[in-house]
Amino acid sequence: MDFEKSFTEIDFKEHLFSNKVFQIASQVAEKTNVKLFLIGGFVRDIVLDRERDDADFLVIGNGPEFASALAKELDVKSISIFRNFGTAHFKYENMDLEFVGARKESYKRNSRKPIVEDGSFEDDISRRDFTINTLAVSVNKEDFGRLIDTYNGIEDIKNKIIRTPVDPLITFDDDPLRIMRAIRFASQLNFNLDDKIKKAAEELRDRLGIISKERITDEFLKILSSAKPSVGLRLLQETGVMQTILPEVANLSGVEQRKDFHHKDVFIHTCMVVDNISENTDKIWLRFAALMHDIAKPQTKRFIEGIGWTFHGHEEIGARMMDEIFERMRLPLTNLEYVKKMIRLHLRPIALVDEEVTDSAIRRLIVAAGEDLEDLITLCRADITSKNIQKVSKYLANYEKVMAKVREVEEKDRLRAFQSPVRGEDIMKICNIPPSKKVGEIKKAIEDAILDGKIGNNYEEAYDYLLKIKDEFVKSQNVTN
Ligand code: ATP
Ligand code: MG
């Protein structure tokens, strides 16, 4: 797509015609005498050509009243109204529709809850966080589909930059959550942060202290869910926000050199691992485990003469650190054990590459990882960040080897749990022998033949095999008897 050219050609009107809800909304606005606009992510994502199934409406007038009138017209029965906030929400077909009355906000320093008054279109637009979120499209009859771009939002989308409509020091001081939102949008959209935003974020990062942990975590997990999370992780680090919200990750930065040995910067390595894994999975807790897999490297780092750097036990200590991090970040505890398991086991598969590795070592991995073995291997593969292509393919092949062994042992175990398809009574009849130890021995010989792959695991082949070995066993019976 020719990114630049496409902007001048965007036909917002056409987009609004794509769903009849916008025309009906326009008629209801006309009838109830309010002005109505689409705003925020919906408009931004039309420009970015991203699909979405929710839309924010700005109502110049009473938001909930308008939402109720529209819901009635659309025959929607279930509507949520938040009178205190002047907002309302309902679902129509597959769309989430959000309504907010235009407002003017002023802030007190100790809270992100503003004093809210009714406001004009301009008041409302100027209180919004970023220029790319101030774009509005009219849903009114007289200029249906007209774009209103007060703060050059289109230009900023074109330049892939996050900027604030007013001085970011004021924007962030009013509502510090916007620091997280700025980095979240940069990460989701792969945009840059304006330098002034970076500086303001750095200066005001401690103001995040007035924001609830849940909201910060919510934005953090959105960063981790983006296509290339390192964009956001690096911005968090660069602005010092990481140090404020997750110092353990911030402390992964830094490289020390002793003699000829230096270890790679664990923060940079971690960013690469998270990006790698994000190419292969949308599972947020697997991504989270990737972010945390080396978390205890700083405190386990030792320099050993003649060997170099070691990080002995970092996987176990790292796993244990999750209790506190989950608690502090208010992360859902249902995912705690899974994340701990991934961290604890992330070095285990590579230790099993050796030819001589025993079945029981493989079996211990199968039991320890349980149903999450595939995820563990996905993590191990993502953990390969060497720039040397030959090394990468060698390491990947090693994991293939381990997984082949896993499948082999699983197959053996599955077979071991089975019984010879030819039962004891058949053996006694065919061999013409009474119940005895011998029956068990013959049965075991058949089972071994199946386990060794000499014959298939079915009645016909087991029966033929029995006929073949029968004489030998009966003979030996005669000898021993
Ligand atoms: P998405 O839905 O993709 O996360 P969005 O831009 O729609 O992105 P929402 O959180 O749904 O974001 O908010 C809708 C709009 O409300 C935003 O586009 C922005 O204009 C405004 N907004 C939301 N939160 C804030 C805030 N903390 N400060 C200022 N404006 C905000
Ligand atoms: Mg939205």
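Atoms within a ligand are numbered from 1 in the order they appear, just like the ligands themselves.
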Engineer: Would you check whether Gly41 has a nitrogen or oxygen atom less than 3.5 angstrom from a nitrogen or oxygen atom of ligand 1?
Structural biologist: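 Yes: some nitrogen or oxygen of Gly41 is under 3.5 Å from one in ligand 1.
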Engineer: Counting non-hydrogen protein atoms only, what is the nearest one to atom 1 (P) of ligand 1? Give residue, atom name and distance.
Structural biologist: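 Answer, as residue, atom name and distance: Arg52 NH2, 3.5 Å.
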Engineer: Can you check whether Leu396's main-chain N or O pairs, donor with acceptor, with Arg381's side chain at less than 3.5 Å?
Structural biologist: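 No; judged by distance alone, with no hydrogens or angles, the pair does not exist.
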Engineer: If I apply the N/O under 3.5 Å rule, does Gln188 come out as touching ligand 1?
Structural biologist: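 No, no N or O pair falls under 3.5 Å.
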Engineer: Under a plain distance cut-off of 3.5 Å, with no hydrogens placed, do His89 and Asp96 share a side-chain donor-acceptor pair?
Structural biologist: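 Per modelled atom types, Asp96 and His89 side chains form a pair under 3.5 Å.
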Engineer: For Glu214, is the CD atom crowded, meaning more than 12 foreign heavy atoms sit under 6.0 Å from it?
Structural biologist: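 Count over threshold, so yes.
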Engineer: Is there a polar contact between ligand 1 and Lys222, counting only N or O atoms under 3.5 Å apart?
Structural biologist: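 Looking only at distances, the answer is no, because the N/O contact criterion of under 3.5 Å is not met.
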Engineer: Between Asp56 and ligand 1, find which residue part has any heavy-atom pair under 4.0 Å and reply side chain, backbone, both or neither.
Structural biologist: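 Side chain only; the backbone of Asp56 stays clear of ligand 1.
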Engineer: Could you find the nearest protein heavy atom to atom 27 (N) of ligand 1 and give me its residue, atom name and distance?
Structural biologist: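 The answer is Asp175 OD2, 2.9 Å.
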Engineer: Taking the six-membered ring for Trp and the full ring for Phe, Tyr or His, determine whether the centres of Phe99 and Phe82 are under 6.0 Å apart.
Structural biologist: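 That pair fails the under 6.0 Å test.
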Engineer: Would one find more than 12 heavy atoms of other residues, nucleotides or ligands at under 6.0 Å from atom CD of Glu374?
Structural biologist: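 Check fails, neighbour count at 12 or below.
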Engineer: With side chain to side chain contact (heavy atoms under 4.5 Å, CB included) as the test, would you mind laying out the steps for Gln188 and Lys222 before giving the verdict?
Structural biologist: CA-CA 8 Å; Gln188 282 180 330; Lys222 283 184 185 170; 4.2 Å; yes
Engineer: Taking non-hydrogen atoms only, is Arg184 closer than 4.0 angstrom to ligand 1 via side chain, backbone, both or neither?
Structural biologist: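 Arg184 to ligand 1: side-chain contact only, backbone stays beyond 4.0 Å.
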Engineer: Counting only heavy atoms not in Asn33, do more than 12 fall under 6.0 Å of its CG?
Structural biologist: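 Open: at most 12 neighbouring heavy atoms sit under 6.0 Å from CG of Asn33.
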Engineer: For Phe185, take its heavy atoms, then give the atoms of ligand 1 lying under 4.0 Å from any of them.
Structural biologist: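 Listed by number with element, the hits are 6 (O), 8 (O).
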Engineer: Could you tell me whether the side chain of Ser26 and the main chain of Phe22 form a donor-acceptor pair under 3.5 Å?
Structural biologist: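 Side chain of Ser26 to backbone of Phe22, a donor-acceptor pair under 3.5 Å: no, none is there.
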Engineer: Out of Arg181, Arg44, Glu98, who gets a non-hydrogen atom closest to atom 13 (O) of ligand 1?
Structural biologist: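 Among Arg181, Arg44, Glu98, the closest heavy atom to atom 13 (O) of ligand 1 comes from Arg181.
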Engineer: Any N or O on Arg128 sitting closer than 3.5 Å to an N or O of ligand 1?
Structural biologist: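 Yes, since at least one N or O of Arg128 sits under 3.5 Å from an N or O of ligand 1.
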Engineer: Where's the contact between Asp129 and ligand 1, heavy-atom distance under 4.0 Å: side chain, backbone, both or neither?
Structural biologist: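 Asp129 to ligand 1: contacts from backbone and side chain alike.
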Engineer: How about CD on Glu14, more than 12 heavy atoms from neighbouring residues, nucleotides or ligands closer than 6.0 Å, or not?
Structural biologist: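 No, not enclosed.
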Engineer: Hey, which atoms in ligand 1 end up nearer than 4.0 Å to a heavy atom of Arg178?
Structural biologist: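 The atoms of ligand 1 under 4.0 Å from a heavy atom of Arg178 are 26 (C), 27 (N), 28 (N), 29 (C).
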Engineer: Going by the atom numbers of ligand 1, which of them fall below 4.0 Å from some non-hydrogen atom of Gly40?
Structural biologist: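 Counting from 1, the qualifying ligand atoms are 18 (O).
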